[in-house]
Amino acid sequence: MTSGHRGLQPRKQPRQARAELTRQRILTAAAHVFAEHGYAAGTTNRIAERARISIGSLYQYYPNKDAILVELVIRHLDEGASAVARSQDGELPDSLEEIIRMFVRAAIDNHLDDPQLLRVMAEHAPLVPELLQRISRHEQERVAYTRELLERRPEVKVGDTETAARLVVSTIELLAHKLIAAPDSIDLHRFENELVAMLTRYLTHGAEPSDNAQP
């Protein structure tokens with residue numbers, strides 16, 4: 001497990017602007033190649049050709065295409081986290097519904113670049129410790145922010161804001177990823193409206209305990 005993890009880490013950490021530009025060219029080329037050819041046919045030779053570098057130069061940065069895909073997923077996660085952070089730092093809308101819409105729209109926007117690439121990342125990215133830790137950290141940050149937000153809103157009727165925050169964060173992220181990456185397209189405007197309505201109703205009406213619920 002440990003040796004496999006080492007085999008997925010970038011070989012060269014860029015210290016100069018030129019090296020960083022080369023790394024970004026590799027990642028951009030890989031995103032196009034994976035989207036166009038799929039993961040199995042998205043070879044390192046194709047990536048190097050698309051990046052207009054030698055295969056030897058590519059291997060100076062990444063040991064294999066799995067390592068490149070991990071880096072692409074991390075970049076995707078970080079871009080999504082940055083978009084959410086910008087929304088949180090700005091002035092929030094007055095209504096809870098529009099706040100939820102803002103977060104739903106940010107998730108949709110972060111998944112619009114290329115559905116095929118999203119499918120490749122979801123189906124083939126190795127779940128190495130660094131990636132799992134990054135996913136967990138971003139989720140914890142969003143849940144903590146959402147919980148505090150729900151606790152400040154008088155129209156929120158759910159009793160357990162911690163669970164509600166986790167449900168809201170996971171529902172937005174997972175549904176945006178799953179439905180936008182699906183082979184059959186979805187009406188994004190309708191998807192946004194329905195998801196916003198569903199979450200708003202849940203938060204403002206609360207949930208009745210089930211007769212079979214444990215005390």
Side-chain angles (χ1 to χ4, degrees), residues 35 73-125 127 131-215:
V73 176
I74 289 175
R75 186 172 72 171
H76 172 71
L77 291 171
D78 288 348
E79 287 173 352
S82 296
V84 171
R86 288 192 296 271
S87 299
Q88 294 173 354
D89 291 340
E91 184 176 351
L92 292 176
D94 293 332
S95 72
L96 179 65
E97 178 179 356
E98 289 308 308
I99 292 174
I100 297 297
R101 184 177 301 280
M102 180 179 69
F103 293 131
V104 168
R105 191 166 292 164
I108 291 174
D109 290 344
N110 190 46
H111 290 81
L112 284 180
D113 284 347
D114 196 309
Q116 175 61 23
L117 179 60
L118 283 179
R119 287 194 290 273
V120 170
M121 291 194 294
E123 294 171 5
H124 298 284
L127 296 179
L131 182 54
L132 293 174
Q133 291 167 8
R134 190 73 61 101
I135 292 171
S136 177
R137 186 174 76 248
H138 286 330
E139 182 178 2
Q140 289 173 5
E141 291 171 353
R142 292 183 191 183
V143 168
Y145 175 87
T146 303
R147 185 189 67 245
E148 294 176 3
L149 175 67
L150 297 180
E151 290 172 350
R152 297 196 305 265
R153 304 293 305 194
E155 66 269 47
V156 171
K157 303 302 181 184
V158 293
D160 185 350
T161 53
E162 171 67 23
T163 299
R166 293 179 67 181
L167 284 172
V168 168
V169 169
S170 296
T171 299
I172 292 174
E173 180 63 25
L174 292 176
L175 286 182
H177 187 101
K178 179 177 178 62
L179 295 181
I180 294 175
D184 51 330
S185 61
I186 185 171
D187 184 318
L188 293 179
H189 180 68
R190 181 172 296 177
F191 167 61
E192 176 186 319
N193 287 338
E194 293 296 325
L195 183 54
V196 170
M198 180 181 75
L199 292 174
T200 303
R201 287 173 189 147
Y202 159 64
L203 292 170
T204 56
H205 288 75
E208 292 294 333
S210 169
D211 293 337
N212 296 323
Q214 296 296 320

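What you see is a predicted model; the values in this text were computed from it and never measured. Numbers here simply count residues along the sequence, with the first being 1. Side-chain atoms are counted along with the backbone in the values below, which use heavy atoms only and exclude waters and symmetry mates.
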Could you tell me the separation between the [atom1] atom of [X] and the [atom2] atom of [Y], rounded to the nearest 0.5 Å?
{"X": "Thr163", "Y": "Arg147", "atom1": "OG1", "atom2": "CZ", "answer": "11.0 Å"}
{"X": "Arg134", "Y": "Ile74", "atom1": "CZ", "atom2": "CD1", "answer": "5.0 Å"}
{"X": "Leu131", "Y": "Leu77", "atom1": "CG", "atom2": "CG", "answer": "6.0 Å"}
{"X": "Leu179", "Y": "Asp187", "atom1": "CG", "atom2": "CG", "answer": "12.0 Å"}
{"X": "Leu150", "Y": "Glu162", "atom1": "CG", "atom2": "CD", "answer": "10.0 Å"}
{"X": "Leu118", "Y": "Lys178", "atom1": "CG", "atom2": "NZ", "answer": "13.0 Å"}

*asked:* By the ring-ring contact (aromatic ring centres under 6.0 Å, His included) test, which pairs, at least two apart or in different chains, include something from residues 76-105?
replied: His76-His111
Determine the minimum heavy-atom distance between [X] and [Y], stating which atoms define it.
{"X": "Arg153", "Y": "Pro93", "value": "NH1-O, 4.3 Å"}
{"X": "Gln116", "Y": "Ala35", "value": "CG-O, 2.9 Å"}
{"X": "Ala164", "Y": "Leu203", "value": "CB-CD2, 4.2 Å"}
{"X": "Tyr202", "Y": "Val158", "value": "O-CG1, 3.6 Å"}

*Taking atom types as modelled, find out whether Arg137 and Gln140 have a side-chain donor-acceptor pair closer than 3.5 angstrom.*
no
_Tell me whether Thr200 contacts the main-chain N or O of Val196 through its side chain, where contact means a donor paired with an acceptor under 3.5 Å._
yes
_Using side-chain contact (heavy atoms from CB on, under 4.5 Å), reason through Arg142 and Glu173 one step at a time and then give a plain yes or no._
CA-CA 11 Å; Arg142 292 183 191 183; Glu173 180 63 25; 3.3 Å; yes
Heavy-atom side-chain proximity of [X] to [Y] below 4.5 angstrom:
{"X": "Lys157", "Y": "His205", "answer": "no"}
{"X": "Ile180", "Y": "Leu175", "answer": "no"}
{"X": "Val156", "Y": "Leu96", "answer": "yes"}
{"X": "Val73", "Y": "Ile135", "answer": "no"}
{"X": "Ile186", "Y": "Leu188", "answer": "yes"}

_Looking at Glu97 and Arg101, is any side-chain nitrogen of the basic one under 4.0 Å from a carboxylate oxygen of the acidic one?_
yes
_Any carboxylate oxygen within less than 4.0 angstrom of a Lys/Arg side-chain nitrogen, looking at Arg166 and Glu139?_
no
*asked:* Between Thr171 and Met198, is the side-chain contact (heavy atoms from CB on, under 4.5 Å) condition met? List the steps.
replied: CA-CA 10 Å; Thr171 299; Met198 180 181 75; 3.8 Å; yes
_Pair Leu199-Ile172, side-chain contact (heavy atoms from CB on, under 4.5 Å): steps then yes or no_ = CA-CA 9 Å; Leu199 292 174; Ile172 292 174; 3.6 Å; yes
